[in-house]
Amino acid sequence: MFFAEPHEESPERDGSPERDRERTVEERVAAEVAQTGSVTAQTPRGGIHCLTVVGQIEGHSVLPSSTKSTKYEHVIPQLAAIEESPEIQGLLVILNTVGGDVEAGLAIAEMLASMEKPTVSLVLGGGHSIGVPLAVAARRSFIVPSATMTIHPVRFTGMVIGAPQTFAYFQKMQERIVRFVTANSHMEENRFRRLMLETDELASDMGTVVDGAEAVRMGLIDELGGLSQALRALHEQIDG
């Protein structure tokens with residue numbers, strides 16, 4: 001006598017292929033966000049990749065695991081892939097960063113500025129220090145009213161050799177930042193230098209903190225606005 005083997009029931013589904021596809025897309029998006037902090041949204045108007053730059057920008061030194069960071073070795077290949085992907089028509093960069101490694105931040109900013117695909121940046125919370133070049137690197141930049149940006153001289157932690165060559169190196173690095181920011185924004189070079197070297201603004205440091213409206217008035221950021229305005233500008237670049 002033969003007995004039929006028990007039949008394993010599959011997990012409950014509503015039987016709708018559309019629902020199964022939606023579930024697959026949701027799972028893919030969740031995995032992409034968890035792994036890279038970025039996601040590609042496919043819309044009828046084209047594919048938009050959203051890249052987040054948050055926390056501290058990590059350079060050649062690995063930051064502690066307790067520090068929220070953006071790793072430049074992750075971002076740079078992503079930008080190259082976005083530029084070459086036929087499925088992506090535009091890039092939205094969302095920033096909420098305290099700054100970080102100067103050379104790593106400039107490397108990301110230079111790649112972003114050299115992309116041919118439409119790009120828009122949006123500063124939420126803060127775009128401080130080396131986050132300033134990153135914010136202005138996109139073709140169009142936005143900032144929300146409550147966000148702030150800190151402009152200050154180059155800082156260095158660790159052993160510093162007290163020699164004229166060290167000072168000259170700092171000056172050259174600072175000049176690279178000044179040239180990049182003024183070349184990619186409407187900020188005047190002399191005004192940017194004055195803000196960077198201001199001594200009356202910060203209690204224990206040099207520099208200036210500006211809010212969203214001030215950043216737009218001085219020509220550092222293009223427009224005051226949030227997500228909808230940034231996406232609208234990105235689609236305008238794609239359609240144009």
Side-chain angles (χ1 to χ4, degrees), residues 32-33 36-41 48-59 63 67-79 82 88 90-115 117-152 154-155 177 180-187 192 195-196 207-216 218-234 237:
E32 193 174 355
V33 172
T36 65
S38 62
V39 67
T40 300
I48 301 297
H49 190 89
C50 177
L51 174 68
T52 57
V53 178
V54 297
Q56 191 167 340
I57 299 168
E58 185 178 277
L63 294 170
T67 302
K68 181 73 70 175
S69 65
T70 297
K71 301 178 184 296
Y72 82 107
E73 70 269 24
H74 292 175
V75 175
I76 287 177
Q78 280 189 67
L79 294 178
I82 292 164
I88 299 174
L91 172 64
L92 174 65
V93 182
I94 297 180
L95 296 107
N96 186 9
T97 176
V98 296
D101 187 279
V102 172
E103 289 191 344
L106 275 179
I108 297 172
E110 289 283 8
M111 281 201 72
L112 181 58
S114 64
M115 292 179 70
K117 285 193 174 175
T119 56
V120 169
S121 65
L122 173 60
V123 181
L124 299 171
H128 305 293
S129 190
I130 201 63
V132 175
L134 285 168
V136 304
R139 292 189 189 178
R140 198 75 181 162
S141 58
F142 288 80
I143 186 170
V144 296
S146 61
T148 57
M149 304 182 79
T150 304
I151 303 166
H152 63 71
V154 172
R155 299 189 183 105
I177 295 172
F180 184 88
V181 171
T182 54
N184 289 277
S185 70
H186 302 289
M187 170 71 75
F192 188 75
L195 294 173
M196 183 181 285
T208 307
V209 179
V210 297
D211 62 23
E214 289 174 320
V216 174
M218 62 181 55
L220 185 61
I221 299 295
D222 292 324
E223 290 186 44
L224 200 66
L227 181 60
S228 61
Q229 289 84 2
L231 286 172
R232 188 181 304 119
L234 188 56
Q237 288 184 43

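These figures come from a predicted structure and were not determined experimentally.
- When the side-chain hydrogen bond (donor to acceptor under 3.5 Å, both in side chains) test is applied to Gln56, no partner is found at least two apart in sequence or on another chain.
- Among residues two or more places apart in sequence or in another chain, the side-chain contact (heavy atoms from CB on, under 4.5 Å) test is passed with Met196 by Ile151, Pro153, Gln174, Val178, Phe192.
- How far OG of Ser121 is from CG of Asn184: 10.5 Å, rounded to the nearest 0.5 Å.
- Atom CE in Met111 sits 14.0 Å away from atom CG in Leu106 (nearest 0.5 Å).
- By the side-chain contact (heavy atoms from CB on, under 4.5 Å) test, Ala183 pairs with no residue at all, sequence neighbours left out.
- For the atom pair Leu234 CG and Leu122 CG, the distance stands at 11.5 Å (nearest 0.5 Å).
- Atom NE2 in His49 sits 13.0 Å away from atom OG1 in Thr119 (nearest 0.5 Å).
- In this structure, Ser69 contributes its side chain and Ile57 its backbone to no donor-acceptor pair below 3.5 Å.
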Let me see the working for Val120 and Leu231 under side-chain contact (heavy atoms from CB on, under 4.5 Å), right down to the final yes or no. CA-CA 8 Å; Val120 169; Leu231 286 172; over 6 Å; no
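- Under the side-chain contact (heavy atoms from CB on, under 4.5 Å) criterion, Thr208 pairs with Leu195, Glu198, Glu201, Val210, not counting sequence neighbours.
- For Asp101, there are no side-chain hydrogen bond (donor to acceptor under 3.5 Å, both in side chains) partners two or more places apart in sequence or in a different chain.
- The structure places CD1 of Ile82 at 5.0 Å from CG of Leu91, a figure rounded to the nearest 0.5 Å.
- Residues forming a side-chain hydrogen bond (donor to acceptor under 3.5 Å, both in side chains) with Ser141 (at least two apart in sequence, or on another chain): Asp222.
- For residues 49-58, the salt bridge (Lys or Arg N to Asp or Glu O under 4.0 Å) pairs, not counting sequence neighbours, are Glu58-Lys71.
- To the nearest 0.5 angstrom, Ile108 atom CD1 is 12.5 Å from Glu103 atom CD.
- Not a single salt bridge (Lys or Arg N to Asp or Glu O under 4.0 Å) links Arg139 to another residue, sequence neighbours left out.
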Using residues 142-150 as the side-chain source, report each donor-acceptor pair under 3.5 Å to any protein atom, sequence neighbours left out, with the distance given to one decimal.
from: Thr150; atom 1: OG1; to: His128; atom 2: ND1; distance (Å): 2.8

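- With sequence neighbours excluded, the residues forming a side-chain contact (heavy atoms from CB on, under 4.5 Å) with Ala109 are Pro133, Leu134, Ala137, Phe180, listed by chain and number.
- The side-chain hydrogen bond (donor to acceptor under 3.5 Å, both in side chains) search around Glu223 returns Arg140, not counting sequence neighbours.
- Counting only distance, with no hydrogens or angles, the side chain of Glu110 and the backbone of Ala107 share no donor-acceptor pair below 3.5 Å.
- Thr52 places no side-chain N or O within donor-acceptor distance of the main-chain N or O of Val54, the cut-off being under 3.5 Å.
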Could you walk me through whether Leu92 and Leu227 pass the side-chain contact (heavy atoms from CB on, under 4.5 Å) check? CA-CA 10 Å; Leu92 174 65; Leu227 181 60; 3.8 Å; yes
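- For Lys68, the salt bridge (Lys or Arg N to Asp or Glu O under 4.0 Å) criterion is met by no residue, not counting sequence neighbours.
- A heavy-atom distance below 4.5 Å is not found between the side chains of Glu73 and Ile76.
- When all heavy atoms are compared, the tightest approach of Ser185 to Val181 is OG-O, 2.7 Å.
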